Amino acid sequence: MDSYSSLEPLSAVDPELAELIKNEHQRQASTIDLIASENHVSRAIRVAHSSLLTDKYAEGYPGRRYYSGCSVVDEVERVTVARAKVLFGAEHVNVQPHSGSQANFATYQALIKPGATIMGMDRSHGGHLTHGAEVNFSGRLFRVVTYGVDRETELIDYDAVRALARQHHPALIVAGASSYPRIIDFAAFSRIAKEVGALLMVDIAHIAGLIAGGTHPSPVPYADVVTGTTQKTLRGPRGGFILCTTALGSSIDSAVFPGSQGGPLMHVIAAKAVCFQQALQPAFRRYTEAIVANARVMAEELSGAGLRVVSGGTDNHLVLVDLGQLHITGKQAEIALERAGILANRNSIPYDTQPPLMAGGLRVGTPAITTRGFTPDDIRTLTGLICRVLRQPDSDQVRDEVRSVVAEMCVSHPLPESY
Ligand SMILES: *Cc1c(COP(=O)(O)O)cnc(C)c1O
């Protein structure tokens, strides 16, 4: 392990926390992360993130703050917004949301009233908590109509979405997902929204990096508002952002602050700036192409090994595996894989017969391992290991053998310190 030099002052002040962070470094370095929403940030992003910008209160927006001493952070936020505008071709950008969920909360607040009808994707078909789940504010504040995928093709059924929209006349349609392995047709959503007089919000939390890198079509020309996160495929710090038209800019801004947040996290905004800067480089396009190529190989290998892949494959960074024929649940798969050093998460599949806590599927994603330099050949080896574990989840021998190959793969693909 490297000395992790940035921890030296911390280890003097707080050895307990320094030790925990070192342990987390060790854990990340020695396991293979297939959690589709995770990634590894560059050292440059970590440096910005750990800077003294965290000290500054900056409620408001550049040039209109409620505190003095904001001249530098004004520049930080302006630069961040300017880079995001270029990256996504957006007219207006807000980089203050603390997370993707906060971005969605603010967007709902800007566009609709409590009690309004929203239409979002069913969670077991790939939708997110904030798209109308009963346990979430979105399900409590709004009347929710959910759409999903076709039972046969497992693709979004746009005709069914249109029929539901005509029937329920939602004020807002939400497109975007957390576990949908295919391209989403934003033009189709936009036509449906226009037809029924609904606004269209597209949540690109998962695929923001693919859109930035040109490996997934952009919703910006079609959506009223686009929300996203920087921590997933975009490979930045944990945080949210909102893209919208100039016309909606001031409602979005006031829904973020003062509507739903106080002071912005200026150190995180600075780290978002670095993230956008890195995503603007040609190397980032190649990175996102490699993410998608790796996911394709993974889907092919899993299918080739006789497992059923939801929708028959993938167009993006993730693959959803139906564990039904293996007679194990997602929870069992997740536990068995973790014991072997491979991290992936249980996930409901469309029309799942398992309860969500067990789940009938497993979601695997390639953003983090692609950052670590995994090639299609590595993916073939890795998928073979995954299949062994899934077929014999209770075998200690399989666990130990897989674990030792995982350890070798981790050594040959160290966590990147810079890229
Ligand atoms: C991850 C995700 C979010 C929320 O992101 P947080 O930063 O965890 O709040 C929102 N929408 C979708 C579709 C997501 O996948």
Side-chain angles (χ1 to χ4, degrees), residues 33-39 41 45 49 94-109 111 118-133 135-139 142 144 146-149 156 172-184 186 189 200-212 216 218-219 223 225-243 255-256 260-261 264-265 268-269 271-272 275 291 295 314 316-320 344-348 350 356 359 361 363-368:
D33 186 358
L34 297 175
I35 296 172
S37 50
E38 293 188 349
N39 214 328
V41 299
I45 288 174
H49 198 274
N94 188 305
V95 294
Q96 292 194 4
H98 301 331
S99 70
S101 299
Q102 289 286 104
N104 290 351
F105 186 82
T107 300
Y108 293 141
Q109 199 188 330
L111 300 183
I118 64 169
M119 242 176 84
M121 196 167 188
D122 190 289
R123 204 138 58 102
S124 68
H125 292 223
H128 188 256
L129 266 179
T130 55
H131 298 178
V135 293
N136 183 258
F137 71 85
S138 54
F142 307 111
V144 180
T146 57
Y147 61 86
V149 300
I156 293 172
L172 177 71
I173 297 178
V174 181
S178 304
S179 55
Y180 184 67
R182 294 300 188 169
I183 299 277
I184 299 178
F186 300 125
F189 270 109
L200 176 64
M201 167 181 137
V202 176
D203 178 348
I204 60 169
H206 259 263
I207 56 174
L210 304 184
I211 290 165
H216 189 293
S218 171
V225 178
V226 175
T227 60
T229 63
T230 40
Q231 74 266 22
K232 300 182 184 178
T233 51
L234 201 48
R235 206 163 61 173
R238 194 159 289 285
F241 63 85
I242 304 176
L243 316 174
V256 174
S260 55
Q261 292 188 170
L265 311 174
V268 178
I269 290 174
K272 288 173 184 172
C275 159
I291 291 176
T314 181
N316 61 21
H317 61 298
L318 66 87
V319 180
L320 197 54
N345 61 285
R346 79 192 83 166
N347 209 104
S348 293
R363 188 183 69 163
V364 286
T366 52

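When a ligand or atom number is given, it counts from 1 through the structure's own listing order. This is a predicted model, so every value here is computed, not measured. Position 1 is the first residue of the sequence; numbering continues from there.
A perpendicular orientation is assigned to the rings of F105 and F137, their planes being inclined by more than 60° (bins at 30° and 60°).
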Determine, stepwise, if the pair I156 / H125 fulfils side-chain contact (heavy atoms from CB on, under 4.5 Å). CA-CA 9 Å; I156 293 172; H125 292 223; over 6 Å; no
Can you list the steps and then say if I207 with Y180 is a side-chain contact (heavy atoms from CB on, under 4.5 Å)? CA-CA 10 Å; I207 56 174; Y180 184 67; over 6 Å; no
Take S138 and H128 through the test side-chain contact (heavy atoms from CB on, under 4.5 Å) and record every step on the way to the result. CA-CA 10 Å; S138 54; H128 188 256; over 6 Å; no
Let me see the working for I184 and M121 under side-chain contact (heavy atoms from CB on, under 4.5 Å), right down to the final yes or no. CA-CA 12 Å; I184 299 178; M121 196 167 188; over 6 Å; no
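A donor and an acceptor atom, one from each side chain of H131 and D203, are located under 3.5 Å apart.
A heavy-atom distance below 4.5 Å is found between the side chains of P237 and I45.
Numbered from 1 in the order shown, with element, the atoms of ligand 1 that lie under 4.0 Å from a heavy atom of H206 read 15 (O). Less than 4.0 angstrom separates some heavy atom of S99 from each of these atoms of ligand 1: 7 (O), 9 (O). The atoms of ligand 1 that sit less than 4.0 Å from any heavy atom of S178 are 12 (C), 13 (C), 14 (C), 15 (O).
Contacts between R238 and ligand 1, counted as non-hydrogen atom pairs separated by less than 4.0 Å, are absent for every part of the residue. By the criterion of a heavy-atom distance under 4.0 Å, the backbone of A177, and not its side chain, is placed next to ligand 1. Counting heavy atoms under 4.0 Å from ligand 1, residue Q231 touches it through the side chain alone. When non-hydrogen atoms are compared, ligand 1 lies under 4.0 Å from the backbone of S101 as well as from its side chain.
With hydrogens left out, the protein atom closest to atom 3 (C) of ligand 1 is H128 NE2, 3.3 Å, a heavy atom. Of the protein's non-hydrogen atoms, the one nearest atom 6 (P) of ligand 1 is G100 N, 3.6 Å. Closest protein heavy atom to atom 2 (C) of ligand 1: K232 NZ, 2.4 Å. What sits closest to atom 11 (N) of ligand 1 on the protein, heavy atoms only, is D203 OD2, 2.5 Å.
Between T229 and ligand 1, no pair of N/O atoms sits closer than 3.5 Å.
In this structure, Q261 contributes its side chain and H98 its backbone to a donor-acceptor pair below 3.5 Å.
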